[in-house]
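Shown next, in structure tokens, is the structure this report addresses.
Whatever order the structure lists them in is the order used to number ligands and atoms, beginning at 1.
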Amino acid sequence: MTVKIAIDGPAGAGKSTVAKKLAKLLNYTYIDTGAMYRAITYKTIQQGINLTEENKIADIVQSADIILEGEKIFLDGKDISEEIRKPEVSEKVSLVSKIPKVREILVQKQRKIAEGKNVVMDGRDIGTVVLPDAQFKFYLTASLEERAKRRYSEFKTKNVNVSYYEVLKEIENRDTIDSQRDTSPLKIAEDSIVIDTTYLSEEEVLEKLYNIIKEGL
Ligand code: C5P
């Protein structure tokens, strides 16, 4: 039997950093589902499609060739790992992600990628919708200010020119759309372990998750 680990939570809670490290420690496959929604958003922007043109966006998802390779993501053969982190993608991704057809197709793809493998998957609806039978479900959260602070320093190190306030507003806006959408909104799965990371270091979060998993395996 394979082991599935679901990590959900709002933007900037440290999910992907911890998920990547955890996958490495356990020698499991890491699956960044947010990157898939970002890839579709990127393609939508590239093709100049308006966010109201849901049918056209649905066509894009149907035909998009998305490949996750470790921490890299390829769309139609092109490495777009850096492009998908740009502010213009972050700004629009939640609006693309709330389109039911987009979710339907990406959820199918995500389940397929996870099939027959031990995985650590991070996102918003992994424990609730994508992998409801996951043996381990975590919900990572932190105060909005702390999450914005972390994202802001990340941008600073990458020389992205945004203010702390812009980052905070962007995260807040995304969280609102992600938790209020009709299809698979961001919410805590009944059987998930909630960890508030506001006052915890990355190492402490990783250790907590690792210990819980080791005990449960
Ligand atoms: O994880 P990340 O912050 O990169 O996700 C970007 C966006 O993709 C989220 O704000 C959300 O709108 C969407 N997403 C989602 N469901 C997932 C993962 C991400 O709707 N499982």
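Within the structure, ligand 1 has Arg103 among the residues with a heavy atom less than 4.0 angstrom away. Assignment of Arg181 to the shell around ligand 1 is supported, since a heavy atom sits closer than 4.0 Å.
At a heavy-atom cutoff of 4.0 Å, ligand 1 is contacted by the side chain of Arg174 but not by its backbone. In Ser94, the parts holding a heavy atom less than 4.0 Å from any atom of ligand 1 are both the side chain and the backbone. Residue contacts with ligand 1, taken as heavy atom pairs separated by less than 4.0 Å, do not involve Met36 at all. At a 4.0 Å heavy-atom cut-off, ligand 1 touches Arg85 through the side chain alone.
Counting the atoms of ligand 1 from 1 in the order shown, those under 4.0 Å from a heavy atom of Ser97 are 8 (O), 11 (C), 12 (O), 13 (C), 20 (O). Taking every heavy atom of Asp125 and a limit of under 4.0 angstrom, the matching atoms of ligand 1 come to 16 (N), 17 (C), 21 (N). Close approach to Gly123 involves these atoms of ligand 1, each under 4.0 Å from a residue heavy atom: 17 (C), 18 (C), 21 (N). Below 4.0 Å from some heavy atom of Arg38 lie the following atoms of ligand 1, by number and element: 2 (P), 3 (O), 4 (O), 6 (C).
On a distance-only criterion, Thr33 and ligand 1 share at least one N/O pair closer than 3.5 Å.
Between Glu170 and Arg174, at least one side-chain N (NZ, or NE/NH1/NH2) sits under 4.0 Å from a carboxylate O, which counts as a salt bridge. Look at Lys78 and Glu83 and you find a salt bridge, because one of the NZ, NE, NH1 or NH2 atoms lies within 4.0 Å of a carboxylate O, short of that distance.
When only non-hydrogen protein atoms are considered, atom 19 (C) of ligand 1 lies nearest to Gly34 CA, 3.5 Å. Of all protein heavy atoms, the one lying nearest to atom 1 (O) of ligand 1 is Arg124 NH1, 3.1 Å. For atom 14 (N) of ligand 1, the closest non-hydrogen atom on the protein side is Tyr37 CD1, 3.6 Å.
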TODO: Mind running side-chain hydrogen bond (donor to acceptor under 3.5 Å, both in side chains) on Thr183 and Arg103 for me, showing each step along the way?
DONE: CA-CA 8 Å; Thr183 316; Arg103 303 206 68 78; over 6 Å; no

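Between the side chain of Lys137 and the backbone N or O of Pro132, at least one donor-acceptor pair lies under 3.5 Å. Using modelled atom types, no side-chain atom of Asp122 and backbone atom of Ala19 make a donor-acceptor pair closer than 3.5 Å.
Of all heavy-atom pairs spanning Val18 and Val205, the tightest one is CG2-CG1, 3.8 Å.
Lys43 and Thr41 share no side-chain donor-acceptor pair at under 3.5 Å. Donor-acceptor pairing under 3.5 Å is lacking for the side chains of Ser90 and Arg151. Between Asp196 and Thr141, the side chains place no donor N or O within less than 3.5 Å of an acceptor N or O (distance only, hydrogens not considered).
Around the NZ atom of Lys20, the shell of radius 6.0 Å holds more than 12 heavy atoms that belong to other residues, nucleotides or ligands.
For the residues Asp8, Asp178, Val93, Val107, the heavy atom positioned nearest atom 9 (C) of ligand 1 is part of Asp178.
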